[in-house]
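Worksheet for the structure shown next.
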Amino acid sequence: MEILQNYVGSEWKNSSSKTSIAVINPANQEEIGKVPYGPGTSADVDLAVRASLKAHLEWRDVPVMQRVQPLFKLKRLLEENLDDIAATITMESGKTLAESKGEMQRAIENVETACSTPMLLQSEFSENIVPGIDEFMIRQPLGVTACIAPFNFPGMITFWFLPYSIACGNGMIVKPSEKVPLTMVKIFRLIDQTGLPKGLVNLVHGGKETVDAILDHPDIQSVSFVGSTAVARYIYARGAQAGKRVQAQGGAKNPVIVLPDADVEMSSKIITDSVYGCAGQRCLAASTIITVGDKNNEIREALYESARGRTTGYGMDPSVEMGPVITPDSKTRIHSLIQKGIDEGGHVLLDGRNTKVTGYERGNFIAPTILENISLTGELIDTEIFGPVMSLLHMDTIDDAIAFINSGKYGNSACLFTSNGAHARKFRNQATAGNIGINIGVAAPLAHFPFSGWKDSFFGDLHGQGRHAIEFFTQTKVVIERWPKEWSRKF
Ligand code: NAD
């Protein structure tokens, strides 16, 4: 099988690396590609940065209305090729075809939002701060920017950054996850048709060496990272050390409170969709469900029924509701975390560990699993499982549940199910998470809102998407100008 090529200087080129690793379909362990990996990929980064910097120096002065024209083309191309891209996402990441299509819809939505950059870039002006003197602020691009993506959204996550960066006048280097590089190759074949300047955006494959080369490269001005907290922390520290602007989104452990006044049927359906969608491999997946008050048995029963009814299998089969997890290692890690929950005193209400899918016996499948009464002082309570596992807890009051949420180290999202507006207001005010859902299971912000993680789920200041992205990808310049009246009178 051919080794994937990088897209550098608007040409498909072999990597300088002599080594590669296999890209594997998680549903059947079949090899579907080979991706460059290891030493040598840092030379690829350097080539890409040179091409991007050269292009950026002209692109920065192209009027912004013209800079968004390729994005309109990209939107159309993504829409026309949506089914094909979605099939690739399913093949390499395992999620269902419907989930893959949904992911690409959000990517397209970000392209649409970035098309409004001419308005978003408008700035502030104060006339006559003293007679004859005006003060204003302009936003200028940074230069070459970089994006490093995780495996769980092979198509969408790059779009939290890429369209905004280029619309603001920057160049960009994209490094997809080495586990799912095929989707971005397809997307770059479309980017190639948009008329963007030669070399402005580049695709470089690889792993840690590639990332380190990005972090250390003196001509890369900013890094947008999404992945696990340990790596996000590392990226933030090393990037900042090198003087770069960094936004680093990390892991999560998203809690959901269900109050006794919640609609049981609706809540249990939405919550199980959130826990088991994308096989739990979503940074906004609900993971700890806290029932409050005296209806806990009814809610527990409804969650159990909804979870056990879900069909696990190959994502290309339209009847399947949940695909495999990404790798055999990931499956082993999730199994051992379930066991840890049991060892720490928890009980398995629904056990998905011994699932076999006919025809896909080698797939990394785990069926929906529910652990209940796990220890509040154990390790699992604050460990991201990133698999189809619900942890079910019960607490006496909403205050106890909010205090529990706020003691957690992550802050990606927190959700509440209730029919009481006062409880909803209290929760949204007090919960220490950056994305809040009220009667919502996956509090994923639309493209024109920031993707607002807190605590160990985010390192940095400005988030991806919308206005935050415009601010992240530009630097402000404040100008004070004196034009004495007497000079005007001369004419
Ligand atoms: P990961 O941290 O293993 O990898 C992410 C990227 O970092 C990849 O491109 C990888 O090549 C690179 N990388 C991995 N190890 C590295 C190292 N030691 N040094 C430098 N670079 C390294 O994450 P993943 O397993 O691909 O993705 C899953 C994680 O991403 C989960 O923790 C999930 O919660 C998180 N995530 C967060 C968000 C968010 O918005 N906060 C969104 C999606 C995923």
Side-chain angles (χ1 to χ4, degrees), residues 21 23 26 35-38 41-42 45 92-95 103 106-107 110 146-161 173-181 183-184 203-216 223-239 246-254 277-287 325-327 329-331 333-334 337 382-387 409-413 433-435 442-445 449-460 463-465 468-469:
I21 53 171
V23 184
V35 62
Y37 194 79
T41 54
S42 52
V45 170
E92 63 180 355
S93 78
K95 64 178 69 170
E103 156 170 4
R106 184 53 56 88
N110 271 281
C147 160
I148 301 161
F151 80 81
N152 62 328
F153 285 94
M156 174 186 73
I157 283 177
T158 299
F159 286 88
W160 291 348
F161 314 107
I173 316 296
V174 174
K175 202 233 44 96
S177 164
E178 62 278 20
K179 296 188 181 107
V180 294
T183 301
M184 221 15 89
L203 171 67
V204 179
H205 294 291
K208 180 171 168 47
E209 283 83 0
T210 330
V211 171
D212 287 347
I214 288 172
L215 293 172
D216 295 343
V223 177
S224 304
F225 171 86
V226 181
S228 57
T229 287
V231 182
R233 204 188 287 278
Y234 166 76
I235 302 272
Y236 189 65
R238 189 156 167 174
V246 185
Q247 47 185 189
Q249 300 186 205
K253 179 103 183 168
N254 304 305
C278 299
Q281 302 170 114
R282 247 191 317 207
C283 64
L284 293 175
S287 73
V325 298
I326 189 73
T327 57
D329 279 358
S330 184
K331 181 174 171 177
R333 189 185 56 80
I334 295 163
L337 286 173
D382 227 4
T383 303
E384 180 180 41
I385 299 177
F386 221 55
K409 66 181 179 191
Y410 294 110
N412 223 26
S413 89
N435 299 294
V442 181
F449 286 96
F451 197 103
S452 200
W454 282 17
K455 302 199 279 188
D456 276 7
S457 297
F458 181 70
F459 302 92
H463 298 84
Q465 298 200 143
H468 271 223

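Remember, it's 1-based here, ligands and their atoms both numbered in the order they're listed. Everything numeric here is computed off the predicted structure, so don't read it as measured data. As a basis for the values below, the full set of heavy atoms in this structure was taken, side chains included, without hydrogen atoms, waters or symmetry mates.
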CG-OG distance between N254 and S413, expressed to the nearest 0.5 angstrom: 3.5 Å
Nearest-option assignment for atom 36 (N) of ligand 1, heavy atoms, candidates C283, A232, S228: C283
What part of N152 sits under 4.0 Å from ligand 1 if we count only heavy atoms: the side chain, the backbone, both or neither? side chain
Minimum heavy-atom distance between P176 and V204, given as atom pair plus value: CD-O, 3.6 Å
Under a 4.0 Å N-O cut-off, is there an ion pair linking D329 with R333? no
Any protein heavy atom at under 4.0 Å, with atom 9 (O) of ligand 1 as the reference point? yes
Give the residue and atom name of whichever protein heavy atom lies nearest to atom 12 (C) of ligand 1, and the separation in Å to one decimal. V211 CG2, 4.1 Å
Out of R282, M156, E384, who gets a non-hydrogen atom closest to atom 32 (O) of ligand 1? E384
So which atom in L337 and which in I385 form the shortest heavy-atom distance, rounded to 0.1 Å? CD1-CA, 3.9 Å
Could you tell me which atoms of ligand 1, counted from 1 in the order shown, lie closer than 4.0 angstrom to a heavy atom of S177? 9 (O)
Note: I157, heavy atoms under 4.0 Å from ligand 1, region reported as side chain
Which of the listed options, V180, T210, I148, V226, holds the heavy atom that is closest to atom 5 (C) of ligand 1? V226
What protein heavy atom is closest to atom 27 (O) of ligand 1, reported as residue, atom name and distance in Å? P150 CB, 3.3 Å
Can you tell me how far the CD1 atom of I235 sits from the CD atom of Q247, to the nearest 0.5 Å? 12.0 Å
W160: heavy atom below 4.0 Å from ligand 1, yes or no? yes
Using a 3.5 Å cut-off on N or O atoms only, is Q249 in polar contact with ligand 1? yes
Any nitrogen or oxygen of G250, main chain or side chain, under 3.5 Å from a nitrogen or oxygen of ligand 1? yes
Audit row: K253, S287, side-chain contact (heavy atoms from CB on, under 4.5 Å) steps and yes/no: CA-CA 6 Å; K253 179 103 183 168; S287 73; 3.7 Å; yes
What do you reckon, does A149 have a nitrogen or oxygen under 3.5 Å from a nitrogen or oxygen of ligand 1? yes
Please give me the minimum heavy-atom distance between N412 and G453, naming the atom from each residue. OD1-CA, 3.5 Å
Exercise: identify the closest heavy-atom pair between A285 and G280: CB-O, 3.9 Å
Which residue holds the protein heavy atom closest to atom 7 (O) of ligand 1, what is that atom called, and what is the gap in Å? F225 CE1, 3.3 Å
Exercise: identify the closest heavy-atom pair between H463 and P450: CB-CB, 4.0 Å
With a cutoff of 4.0 Å, is L215 in contact with ligand 1, counting heavy atoms of the residue only? no
What protein heavy atom lies closest to atom 35 (C) of ligand 1? Include the residue and the distance to one decimal. G227 O, 3.0 Å
Within the side chain of E178, is there an N or O that forms a donor-acceptor pair under 3.5 Å with the backbone of V35? no
Mind telling me whether Y236 and F459 have parallel, tilted or perpendicular rings, with 30° and 60° as the class edges? tilted
Of the non-hydrogen atoms in N152 and K95, which two are nearest, and what is the gap between them? O-NZ, 2.7 Å
Record the part of F458 in heavy-atom contact with ligand 1 below 4.0 Å; permitted values are side chain, backbone, both and neither. neither
Mind checking whether F151 has an N or O less than 3.5 Å away from an N or O of ligand 1? yes
Among all protein heavy atoms, pick the one closest to atom 19 (N) of ligand 1 and tell me residue, atom and distance. K208 CG, 3.4 Å
Does any N or O of ligand 1 fall below 3.5 Å from an N or O anywhere on I235, backbone included? no
E178-ligand 1 polar pair, N/O distance under 3.5 Å: yes
Could you check atom 22 (C) of ligand 1 against the protein and tell me its nearest heavy-atom contact, residue, atom and distance included? V231 CG1, 3.6 Å
Under 3.5 Å between some N or O of ligand 1 and some N or O of T229? no
With a 4.5 Å limit on heavy-atom distance, are the side chains of L215 and V211 in contact? yes
Establish, for the pair K175 and F225, whether the NZ or CZ atom is under 6.0 angstrom from the six-membered ring centre and no further than 45 degrees off its axis. no
Please determine if K179 has a nitrogen or oxygen closer than 3.5 Å to a nitrogen or oxygen of ligand 1. no
The protein heavy atom nearest to atom 28 (C) of ligand 1 is F386 CE2, 3.6 Å
Hey, are the side chains of T41 and H205 touching, using non-hydrogen atoms and a 4.5 Å cut-off? no
